[in-house]
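Both backbone and side-chain heavy atoms feed into the values below; hydrogens, waters and symmetry mates do not.
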Amino acid sequence: MLTLRFRVLRSLPSMLCRSISSGPGSSPAGGQAPDMAEGHSHLLVNDVRNRLREIVGVSTNWSDHRQAMKDRTSLSSLLAKRQEDLPPRRMKDSYIEIHLPLGSQHGLREKYLNVHNSVRFGRILEDLDSLGVLICYSHTKDPSLQRSPLSIVTALVDKIDMRKNIIYPDCDIKFTGHVSWVGKTSMEAKMHMLQYHDGAYSPVLDATFVMVARDPENKRAAFINPLIPEGPEEEALFKQGEVNKTRRSEIKTASLLKMAPTAEERKIVHSMFLNTLDSTTVSFRSRVLPPNSVWMEDAKLKGLEICHPQERNIFNRIFGGFLMRKAYELGWANACTYGGSRPHLVAVDDIMFQKPVEIGSLLFLSSQVCYTKSNHIQVRVHTEVFDSQSGKHNTTNVFHFTFCSEKEVPQIVPKSYGESMLYLDGKRHFDITFNGTPAV
């Protein structure tokens with residue numbers, strides 16, 4: 001399961017757009033940070049995937065890559081039998097700084113630019129996913145080994161907190177991060193994104209990812225180096241990791257897929273049901289759509305992706321960041337269609353990764369508006385792969401996005417009991433985004 005919560009501070013203005021041809025920092029020089037100028041040594045975003053391939057020992061060539069993955073099976077003997085056999089690490093041991101030179105590299109800027117002259121957030125999700133894996137490999141690095149025997153993959157993205165809503169498409173970006181909490185086979189990586197503008201770096205977002213370590217064949221869990229916090233600040237970070245783990249467990253236990261709705265939630269569902277009954281008849285089947293409302297079944301948008309080798313990760317599966325980007329873009333399109341105006345992202349919460357997506361899969365994406373309030377739209381994106389041999393569809397991911405439209409949107413109305421559960425689930429995610437806890 002992968003859970004992601006992306007929270008925007010409500011006191012900030014909505015996403016602003018600006019033309020690349022005007023305004024402060026519009027020229028390459030204005031948005032180029034001194035530490036990214038020629039002559040400075042630094043790791044670029046484009047280098048992260050190559051560094052990961054070196055650590056694991058795989059090739060960029062498709063045919064060589066498959067053989068290299070088979071060769072990794074021999075590394076199983078290098079795994080630790082217990083965590084106590086591994087040397088402890090400190091948080092600074094895994095610290096990494098990555099640069100994204102949008103201020104100077106015009107070709108790179110095209111990859112991140114959207115039609116509104118802002119930065120494609122889906123690309124940022126891809127970069128964070130790769131960086132989180134590299135940070136964790138730095139924590140578990142054994143200098144005596146040429147290749148790491150561990151397969152480190154993203155388990156969940158706990159949260160991403162936005163510090164500002166403006167991401168300039170022509171100003172340099174810096175990512176920093178380190179491991180902040182460690183269990184037996186999993187670890188938490190905290191990352192920060194900053195952008196150089198008006199002569200200084202300013203924080204854009206803070207992210208917390210959780211990674212898991214597995215054996216070379218990615219079949220079973222593997223032990224990782226313990227973490228020793230140093231000082232009050234690091235001890236607080238480590239304790240917060242424990243709190244995050246407990247919170248995720250509590251949310252999972254209270255899921256509507258396992259537990260019945262609360263008394264207050266049942267009242268909400270029944271009230272909506274009564275509000276859609278035809279008052280001219282004495283029938284539970286005669287339903288009437290209230291004014292300024294849309295039936296939930298009419299607020300869907302679907303997509304299909306053929307999973308080519310180009311989108312593979314270092315372990316020969318489809319890159320998780322690619323899946324997040326595609327789900328986000330489909331959810332945004334659905335919110336745009338539903339609200340009738342350009343929406344901006346407010347939150348991404350509780351992304352569930354149930355199983356990896358294999359290369360060659362047919363990936364079906366289905367987005368559904370499941371909750372609305374004022375000018376906010378809650379969208380759920382469900383992804384599944386089609387097995388041509390069995391003819392079955394298997395769920396791989398579930399994503400939840402909160403968007404804000406430029407104007408008030410129609411109320412979404414469920415018809416069936418299943419849609420009512422989707423409505424309540426969407427409301428829970430919406431309440432967590434704005435209140436920190438479900439209002440039930």
Side-chain donor-acceptor pair present, T154, D129, cut-off under 3.5 Å: yes

Test log, rule side-chain contact (heavy atoms from CB on, under 4.5 Å), inputs I167 and V204: CA-CA 7 Å; I167 305 179; V204 176; 3.9 Å; yes

Where at least one partner belongs to residues 268-279, residue pairs that pass salt bridge (Lys or Arg N to Asp or Glu O under 4.0 Å), sequence neighbours excluded: none

Worked verdict on H192 versus F175 for ring pair (Phe, Tyr, Trp, His ring centres under 6.0 Å): CA-CA 6 Å; H192 310 280; F175 297 94; over 10 Å; no

Gap between atom OG of S180 and atom CE of M191 - 0.5 Å precision: 9.5 Å

V119 vs F121 side-chain heavy atoms within contact, under 4.5 Å: no

Min side-chain heavy-atom separation V357-L323 under 4.5 Å: yes

Salt bridge E329-R120, side-chain N to carboxylate O under 4.0 Å: yes

Residue pair L108, L44: steps toward the side-chain contact (heavy atoms from CB on, under 4.5 Å) verdict: CA-CA 11 Å; L108 183 63; L44 302 180; over 6 Å; no

Check: L289 main-chain N/O paired with S293 side-chain donor or acceptor under 3.5 Å: no

Heavy-atom pair of closest approach, residues F315 and R72: CE2-NH2, 4.4 Å

Listed once per pair and sorted, the salt bridge (Lys or Arg N to Asp or Glu O under 4.0 Å) pairs that draw on residues 379-396, sequence neighbours left out: none

Residue pair D431, K427: steps toward the salt bridge (Lys or Arg N to Asp or Glu O under 4.0 Å) verdict: CA-CA 6 Å; D431 291 338; K427 184 179 185 302; 2.9 Å; yes

Heavy-atom check, side chain of D349 versus side chain of I432, under 4.5 Å: yes

Side chain R89, main chain V179, donor-acceptor under 3.5 Å: no

Check: S148 side chain, L150 main-chain N or O, donor-acceptor pair, under 3.5 Å: yes

Closest heavy-atom pair and its distance - P216, S151: O-OG, 3.3 Å

CG-CG distance between N46 and D127, expressed to the nearest 0.5 angstrom: 8.0 Å

Electrostatic pair D206-R163, nearest N-O below 4.0 angstrom: yes

Approximate separation, where rounding is to 0.5 Å, of Y338 OH and S405 OG: 10.5 Å

Smallest separation among heavy atoms of E419 and S416, with atom names: N-OG, 3.2 Å

T396 side-chain N/O to T383 backbone N/O, donor-acceptor pair under 3.5 Å: yes

Contact check, side chains of K141 and S138, non-hydrogen atoms, under 4.5 Å: no

Smallest separation among heavy atoms of I318 and E358, with atom names: CG1-O, 3.9 Å

Minimum-distance pair of heavy atoms, taken over all atoms of C370 and L422: CB-O, 3.7 Å

Lys/Arg N to Asp/Glu carboxylate O, R90 vs E234, below 4.0 Å: no

Presence of salt bridge, E84 and K184, under 4.0 angstrom: yes

Pair F434 and H376, ring centroids less than 6.0 Å apart: yes

Ring geometry between F430 and Y371 (parallel below 30°, tilted from 30 to 60°, perpendicular above 60°): tilted

H393 atom NE2, neighbour heavy-atom count above 12 within 6.0 Å: yes

Atom pair CD1 (I135) and OG (S130), whose distance is rounded to the nearest 0.5 Å: 11.0 Å

R220, CZ: over 12 other non-hydrogen atoms inside 6.0 angstrom: no

Modelled atom types, side-chain donor and acceptor of T402 and H429, under 3.5 Å: no

Residue pair W181 / Q240, side-chain donor-acceptor N/O under 3.5 Å: no

Side-chain (Y423) to main-chain (V269) donor-acceptor, under 3.5 angstrom: no

Side-chain donor or acceptor of S94 paired with backbone N/O of M91 under 3.5 Å: yes

Donor-acceptor contact present, side-chain Q83 to main-chain G183, <3.5 Å: yes

Evaluation steps, side-chain contact (heavy atoms from CB on, under 4.5 Å), between F403 and H344: CA-CA 6 Å; F403 294 96; H344 71 267; over 6 Å; no

Side-chain heavy atoms of Y168 within contact of Q195, under 4.5 Å: yes

Donor-acceptor pair, side chain of T253 and main chain of S249, under 3.5 angstrom: yes

Side chain proximity check, N244 to E188, heavy atoms < 4.5 angstrom: yes

Least distance between heavy atoms, A327 atom then V381 atom: O-CG2, 3.7 Å

Inter-residue atom distance D172.CG - Y196.OH, 0.5 Å rounding: 9.0 Å

L227 and F238, any side-chain heavy atoms less than 4.5 Å apart: yes

Heavy-atom donor-acceptor pair, S271 side chain to K267 backbone, under 3.5 Å: no

Salt-bridge contact R248-D158 (side-chain N to carboxylate O under 4.0 Å): yes

Trace of the side-chain contact (heavy atoms from CB on, under 4.5 Å) decision for L256 with R428: CA-CA 10 Å; L256 289 168; R428 287 185 179 186; 3.5 Å; yes

Check: K190/T208 side-chain N/O donor and acceptor closer than 3.5 Å: yes

Trace of the salt bridge (Lys or Arg N to Asp or Glu O under 4.0 Å) decision for E250 with R247: CA-CA 5 Å; E250 292 174 348; R247 171 180 49 79; over 6 Å; no

F322 six-ring face occupied by R312 cation (under 6.0 Å, within 45°): no

Spacing of CD1 belonging to I152 relative to CG belonging to N218, to within rounding of 0.5 Å: 11.0 Å

F399 vs L365 side-chain heavy atoms within contact, under 4.5 Å: no

Heavy-atom donor-acceptor pair, R214 side chain to A222 backbone, under 3.5 Å: no

Pairs flagged by salt bridge (Lys or Arg N to Asp or Glu O under 4.0 Å) wherever residues 292-305 is involved - sequence neighbours left out: E297-K415, E305-K326

